[in-house]
Colleague: 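Input: one structure, supplied below.
Note that these values count all heavy atoms, side chains included, but never hydrogens, waters or copies made by symmetry. Every number for a ligand or one of its atoms is a count from 1 in the order of the listing.
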Amino acid sequence: MPKHIFVTGGVVSSLGKGLTCASIGMLLERRGLRVRLQKFDPYINVDPGTMSPYQHGEVYVLDDGAETDLDLGHYERFTNAPLSRDCNFTTGKIYLSVIEKERHGDYLGRTVQVIPHVTDEIKAAVRKLAADDVDVVITEIGGTVGDIEGLPFLEAIRQFALDAGKANVMYIHLTLVPYLKAAGEAKTKPTQHSVSQLRQIGIQPDVLICRTEKPLAQDEAEKIGLFSNVEPRAVIEERDKEFSIYEVPLSLVNNRLDELIVEKFNLKAQPLEINDWRQMLQRIKSPAHDVTIAVVGKYIRHNDAYKSIYEALDHAGIALHSRVIIRKIEAEEIERDGAERVLNGIDGLLVPGGFDYRGSSGKIEAIRHARERKIPFFGICLGLQCAVIEFARNVGGLADANSTEFDPDCAHPVVCMLDEQYAITDKGGTMRLGSYPCVLVENSKAQQAYGATLIHERHRHRYEFNNAFRDQFAARGLAVTGTSPDGQLVEVIELRDHPWFLAVQCHPEFKSKPTKAHPLFRGFVQAALGRREKKSSPQRTREAVVGAS
Ligand code: GLN
C-alpha cells in the first residue's frame with residue numbers, strides 16, 4: 001500500500017508549495033521510489049481553463065488534455081511521475097461530481113453534506129493515485145491554512161490518516177519565518193499560529209518546512225519545534241534561492257528531509273543519486289555567454305502567465321552553457337513605440353500562445369521585424385497564427401489577411417476555426433487539447449532539432465492555418481514542415497530564406513526539463529547565440545585592435 005504525504009501551507013500564499021512538493025517528489029524518485037503527485041485547488045472553477053491569466057497565471061496542459069494548475073508544470077520538470085487529469089482537483093470539480101451523483105440518485109435519498117459526502121469525494125480523489133505500483137503519493141493542498149474554502153480538503157486529509165493508518169500518512173506544513181530587520185531577528189510567532197490553526201482542525205504536522213531569508217538558527221528551530229510539537233530535526237529550513245528554483249531540492253537534502261521521510265515510512269530506498277542535477281546547477285551558476293530573447297505577449301505583467309515558456313528558455317540556456325536574458329515585452333508597447341525601438345538589441349524573438357485580438361498587431365509587427373532583420377524567431381500557437389498573418393499581409397500580398405478569431409468576416413481568413421469547433425458553444429475544455437502526433441518533413445529545421453520525424457506535443461487551440469493558402473504561401477517561401485499524420489492540420493511552419501524562423505501550433509514548452517532542454521527551444525536559443533556572435537565579432541575585433549595600439 002502506498003504511503004501518503006500531504007503538504008499544506010501557512011502564514012502567506014505564494015510560499016512555493018508547488019516547488020517544494022516537486023522537490024520532495026524528485027528526491028524520493030532519486031532514491032529509487034515510485035512517486036505520484038497531485039494538487040487540490042480550493043477555488044470553485046471546475047478547472048483553470050477559463051480563468052484569466054491575470055488571475056491564475058499559465059494554464060498547464062497535460063498529455064490527456066487536462067487544463068491544470070501551473071504547479072503541475074513544476075511536478076513534471078522535477079520528476080518523471082506520470083500526470084493525468086486525476087492529478088488536479090478543484091472544489092468545483094469535486095462538487096460537480098458530488099452533484100452529478102446526487103442527480104443520478106447514487107446517494108439513495110440521503111441528505112448530501114460536506115461531511116461525509118464531499119470529504120469522501122476528496123479522499124477518493126487521493127486514492128485514485130494510490131495504485132499498487134506506487135510507493136508514495138504526494139498531495140499538495142492549495143491555498144493557506146485558515147482559508148474558509150480550504151476546510152473540506154483539510155478535514156478530508158485529517159480523516160485520511162484514520163482510514164489509511166497513521167503510520168502510512170505524513171503531514172508536511174510549509175510556513176514563513178520572516179526576518180524583521182528592525183528587530184534584527186527571525187520571528188517564529190506566525191508559524192506558531194499557523195500550526196495551532198492546523199492542530200485545531202486535528203492535523204499535527206510531522207515536518208515543518210520554514211521559508212526564510214536568513215539561516216534559521218538552532219535555537220529558533222528548537223523554539224518552533226517546541227511550540228508546534230514537532231521534533232527539532234523535522235523543523236527544516238528552506239532559504240530563498242539566489243540563483244535558481246532548481247536549488248530547492250538541494251536545500252531539502254542538506255536538511256535530510258529525504259532521510260526523514262524514508263525513515264518515518266520505513267521505506268526500502270536506494271542512496272540518493274543527484275549528480276546530474278548538481279552539474280546542471282553548476283552550469284546555471286557559471287554561464288559562458290549571455291543571450292537576449294524578447295518574449296512579446298499580452299499578459300506580460302503577470303509573472304506566471306508564461307511560466308513554462310520562461311522555464312524552457314532557461315533550460316535551453318543551461319544546455320548551451322548560456323544565460324538567457326528574457327526581455328518581457330507587452331505587445332501593445334510595440335503598437336505604441338514601434339518594433340525597431342522596442343526590440344533593439346535582441347538576439348531572438350519568441351511570440352507565445354494567447355487568445356483574443358488585443359495586442360495582435362504588436363505581435364505581428366514584432367514578427368515582421370524578426371523576419372526582415374533575420375532575427376531568429378520562434379512562434380508558439382498564437383505565435384504561429386500571427387506569423388501566418390504577417391506573411392500573408394507582407395509577403396503574400398493579402399493586405400486584409402487575418403484570423404477569424406480577430407475578424408470573423410475578413411476577406412482572407414488565413415487562420416480559421418477547426419471544423420469540429422463550430423458546433424461547440426460551451427467555453428470549458430472545448431479546444432483541441434492534449435497530445436497529438438505530428439509528422440515532420442525530412443531535413444527541415446524542426447526535424448533536425450528533434451532528430452525524429454514522428455513527434456508528439458500538447459495542444460490547446462481552436463484555430464488553425466487555413467489549408468486553402470498552403471500552396472500559394474509555399475511558392476513564396478513559407479514551408480509547412482510538420483502536419484498531423486493525415487496531412488490535414490498544419491503543425492509547423494518555417495521560412496526557407498532565414499537563419500531560424502520556425503513556428504508551431506503546439507506547446508512544446510510543456511515538455512522541457514532543466515536536465516533535458518526541449519529540442520526546439522535549444523535550436524532557437526542556439527540560433528540566437530549564433531546571431532549574437534555575428535553581431536559582436538566586428539566590435540570585438542575593433543576592441544582588440546584598439547587594445548593592441
Ligand atoms: N487563440 C488561438 C486559438 O485558439 C491560439 C491559442 C493558443 O495560443 N493557445 O487557436
Side-chain angles (χ1 to χ4, degrees), residues 47-54 56-63 65-68 70 73 295-300 302 304-310 312 331 349-364 366-367 377-390 392 401-408 410 413-436 438 457-467 469 482-484 488-493 502-512 518 520-521:
D47 63 41
T50 53
M51 289 165 84
S52 155
Y54 287 129
H56 185 271
E58 165 184 276
V59 174
Y60 191 78
V61 181
L62 304 180
D63 275 343
E67 297 176 278
T68 72
L70 55 79
V295 175
V296 175
K298 177 175 154 192
Y299 310 105
I300 288 294
H302 192 298
D304 283 340
Y306 304 106
K307 185 91 195 151
S308 296
I309 298 270
Y310 299 151
L349 167 72
L350 190 152
V351 177
F355 293 84
D356 196 45
Y357 180 71
R358 186 168 70 76
S360 60
S361 50
K363 294 175 192 175
I364 291 168
I367 295 169
F377 165 72
F378 190 14
I380 291 180
C381 207
L382 188 67
L384 174 141
Q385 299 171 0
C386 288
V388 171
I389 299 170
E390 191 281 320
N402 218 333
S403 162
T404 53
E405 180 178 17
F406 306 151
D407 177 6
C410 67
V414 292
V415 175
C416 60
M417 180 93 86
L418 293 166
D419 278 347
E420 66 261 35
Q421 298 301 329
Y422 275 112
I424 303 173
T425 48
D426 201 12
K427 287 272 184 205
T430 54
M431 286 179 268
R432 180 169 179 247
L433 281 166
S435 181
Y436 286 92
C438 162
E457 293 287 0
R458 299 176 191 170
H459 293 68
R460 182 171 185 252
H461 67 117
R462 291 191 181 87
Y463 297 83
E464 62 172 313
F465 185 120
N466 186 344
N467 284 330
F469 295 91
T483 63
S484 52
Q488 286 309 300
L489 299 179
V490 170
E491 296 283 14
V492 189
I493 59 166
L502 188 151
V504 292
Q505 190 54 73
C506 61
H507 287 275
E509 69 272 23
F510 295 142
K511 285 173 78 170
S512 184
H518 189 284
L520 292 182
F521 278 86

Colleague: Could you work out, with salt bridge (Lys or Arg N to Asp or Glu O under 4.0 Å) as the rule, every residue matching R458, not counting sequence neighbours?
Modeller: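 For R458 the salt bridge (Lys or Arg N to Asp or Glu O under 4.0 Å) partners, ignoring immediate neighbours, are D63, E76.
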Colleague: Just to be sure I understand the cut-off, which residues have at least one non-hydrogen atom under 4.0 angstrom from an atom of ligand 1?
Modeller: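 Only G353, G354, F355, C381, L382, Q385, E405, R460, H461, R462, Y463, H507 have heavy atoms that fall under 4.0 Å of ligand 1, ordered by chain and number.
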Colleague: Would a distance-only check, ignoring hydrogens and angles, find a side-chain to backbone donor-acceptor pair under 3.5 Å from E58 to S308?
Modeller: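 Side chain of E58 to backbone of S308: a pair is present.
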Colleague: Apply salt bridge (Lys or Arg N to Asp or Glu O under 4.0 Å) to E491 and list each qualifying residue two or more places apart in sequence or on a separate chain.
Modeller: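 Partners of E491 by the salt bridge (Lys or Arg N to Asp or Glu O under 4.0 Å) criterion, ordered by chain and then number, come out as R432.
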Colleague: Determine whether a donor-acceptor pair (N or O, by modelled atom type, separation under 3.5 Å) exists between the side chain of Y463 and the backbone of L382.
Modeller: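 Side chain of Y463 to backbone of L382: no pair is present.
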Colleague: For E390, check salt bridge (Lys or Arg N to Asp or Glu O under 4.0 Å) against everything at least two apart and list the hits.
Modeller: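 E390 satisfies salt bridge (Lys or Arg N to Asp or Glu O under 4.0 Å) with R371 only.
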Colleague: Any ion pair linking R462 and E405 (charged N to carboxylate O, less than 4.0 Å)?
Modeller: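 Result for this pair is no, no salt bridge flagged.
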